[in-house]
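Quantities reported herein were computed from a predicted structural model and do not represent experimental measurements. If you read the sequence from its start, that first residue is 1, and numbering goes on from there. Just so it is clear, the values below take in all heavy atoms, side chains as well, and ignore hydrogens, waters and symmetry mates.
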Amino acid sequence: IYRSAMPVFEDVVLLPVSTDEQTMVQHLAWIALGTLHYELDNLQLAIEAYQNVPQDSEFFADALVQICWAYIRLGVLAASDELARPEDARRVARENFQRAYRTIDLFLLAFPEDTREAELKLLMAHLQVKLEEYQEALDDYESVVEDFDAIRARLNHIVQSDIDPMVYFNQLVDQTFIVEAEYQVPELAARMARQDPRLNEAVEIASDLQHETREIDASQETVARLE
């Protein structure tokens, strides 16, 4: 299946582009082509395909993540290569794990607000273990725990408080919404929540209910005055 799909994307990436939409399709085709190569373990070709996505593309971040996984896969395959000399297998595996680590480092510098930050920081720690750099791995793990324990503590505080739930929802849908510091949703948690397609639906329902409640209260006040 993968091989039969490959010629389609190979043709697409060679087509001339003159509009933003065509450029977007071309970039997506490069990512698709890279993914097909990855699934077939043509990992160098996968990396080359992903590297054709330029830095100014909206899909550059996705390409970087895929490059990282391709390097990791190369490292894993090298480490398990029974035909290679053990020292050569370790060297090649180490080189690819280092490339994967540097790719993540580049990603985090280029996209500090990406919601994949936590996953990639953990992956960096896993790679440090692969590289037998155990103290660095421990430092990376502890850094992730500290960062996300603070986020969890803040969210627990908001959930357990008696604040109007709309204060929470409003922060997710309106980044200019002002709230007391102790009830501010951590930015990373807000970005992750905004990616959930159910969020807007939930906020819309909650807003409608709140509007109806105000209308009912106003109607009751009007009735009371008429009486």
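Residues Ser4 and Pro7 approach most closely at O-CD, 3.4 Å, considering heavy atoms. The two residues Ala93 and Gly75 come nearest to each other via the heavy atoms CB-O, 3.4 Å. Between Asp114 and Ala61, the shortest heavy-atom contact is OD2-CB, 4.4 Å.
Hydrophobic clustering (side-chain heavy atoms under 4.5 Å, transitive across Ile, Leu, Val, Met, Phe, Trp, Tyr) groups Leu28 together with Leu36. A continuous path of ILVMFWY side-chain contacts below 4.5 Å connects Val13 to Ile31, so both sit in one hydrophobic cluster. Hydrophobic clustering places Ile47 together with Leu40 (ILVMFWY residues linked when any side-chain heavy atoms are closer than 4.5 Å, directly or through intermediates). In terms of hydrophobic clustering, with Ile, Leu, Val, Met, Phe, Trp and Tyr side chains grouped at heavy-atom distances under 4.5 Å, Phe9 and Val17 are assigned to different clusters. Linking Ile, Leu, Val, Met, Phe, Trp and Tyr residues whenever their side-chain heavy atoms come within less than 4.5 Å places Leu14 and Leu33 in a single cluster.
Judged by distance alone, with hydrogens and angles left aside, the side-chain atoms of Tyr50 form no donor-acceptor pair with the main-chain N or O of Val65 at under 3.5 Å. Of the possible polar contacts, none joining the Ser57 side chain to the Val53 backbone as a donor-acceptor pair under 3.5 Å is found. The backbone N or O of Glu48 sits less than 3.5 Å from a side-chain atom of Asn52, completing a donor-acceptor pair.
To the nearest 0.5 Å, the span separating CD on Gln98 from OH on Tyr71 amounts to 12.0 Å. For the atom pair CG (Asn96) and CG (Leu127), the distance works out to 11.0 Å, reported to the nearest 0.5 Å. Considering CG of Asp105 and CG of Leu120, their distance stands at 11.0 Å, rounded to 0.5 Å. Remark: Leu106 CG to Ile67 CD1 distance equals 9.0 Å, nearest 0.5 Å. Considering CD1 of Ile72 and CG of Leu77, their distance stands at 12.0 Å, rounded to 0.5 Å. One distance of note links CD of Gln66 with OG1 of Thr35; it measures 5.0 Å at 0.5 Å rounding.
Under the side-chain hydrogen bond (donor to acceptor under 3.5 Å, both in side chains) criterion, Asp41 pairs with Arg73, sequence neighbours left out. Under the side-chain contact (heavy atoms from CB on, under 4.5 Å) criterion, Lys121 pairs with Leu108, Glu117, Val144, Asp147, not counting sequence neighbours. Under the side-chain hydrogen bond (donor to acceptor under 3.5 Å, both in side chains) criterion, Arg102 pairs with no residue at all, not counting sequence neighbours. Listed by chain and number, the residues in a side-chain contact (heavy atoms from CB on, under 4.5 Å) with Gln55 are Phe60 (sequence neighbours excluded). Legend: residues meeting side-chain hydrogen bond (donor to acceptor under 3.5 Å, both in side chains) with Glu142, ordered by chain and number and at least two apart, are absent. Ala84 meets the side-chain contact (heavy atoms from CB on, under 4.5 Å) test with Asp81, Ala89; sequence neighbours excluded. Shown here are the side-chain contact (heavy atoms from CB on, under 4.5 Å) partners of Asp140, two or more places apart in sequence or in another chain: Tyr101, Met124, Ala125, Gln128. By the side-chain hydrogen bond (donor to acceptor under 3.5 Å, both in side chains) test, Arg85 is found to be paired with Asp88, residues two or more places apart in sequence or in another chain being considered.
Through direct or relayed side-chain contacts under 4.5 Å between Ile, Leu, Val, Met, Phe, Trp and Tyr, Val25 connects to Val12.
Counting heavy atoms from C-beta outward, Arg99 and Cys68 have side chains that stay 4.5 Å or more apart. Looking only at side-chain heavy atoms (C-beta outward), Met6 and His37 come within less than 4.5 Å of each other. Between Trp69 and Leu74 there is no side-chain heavy-atom pair separated by less than 4.5 Å. Between Phe59 and Met24 the shortest side-chain heavy-atom distance falls below 4.5 Å.
Applying the side-chain hydrogen bond (donor to acceptor under 3.5 Å, both in side chains) rule to pairs touching residues 10-20 yields Ser18-Gln22, sequence neighbours excluded. For residues 103-130, the pairs satisfying ring pair (Phe, Tyr, Trp, His ring centres under 6.0 Å) are Phe107-Phe111, His126-Tyr141, with sequence neighbours left out.
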Output side-chain donor-acceptor pairs under 3.5 Å for residues 131-138, partner residues at least two apart or in another chain, one line each.
{"from": "Glu133", "atom 1": "OE2", "to": "Arg94", "atom 2": "NH2", "distance (Å)": "3.2"}
{"from": "Gln135", "atom 1": "NE2", "to": "Asp139", "atom 2": "OD1", "distance (Å)": "3.0"}

| task | Please assess Tyr38 against Leu45 for the test side chain to side chain contact (heavy atoms under 4.5 Å, CB included), listing each intermediate value before the final yes or no. | result | CA-CA 8 Å; Tyr38 180 92; Leu45 291 176; over 6 Å; no
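A salt bridge links Arg91 to Glu95: one of the charged nitrogens lies within less than 4.0 Å of a carboxylate oxygen.
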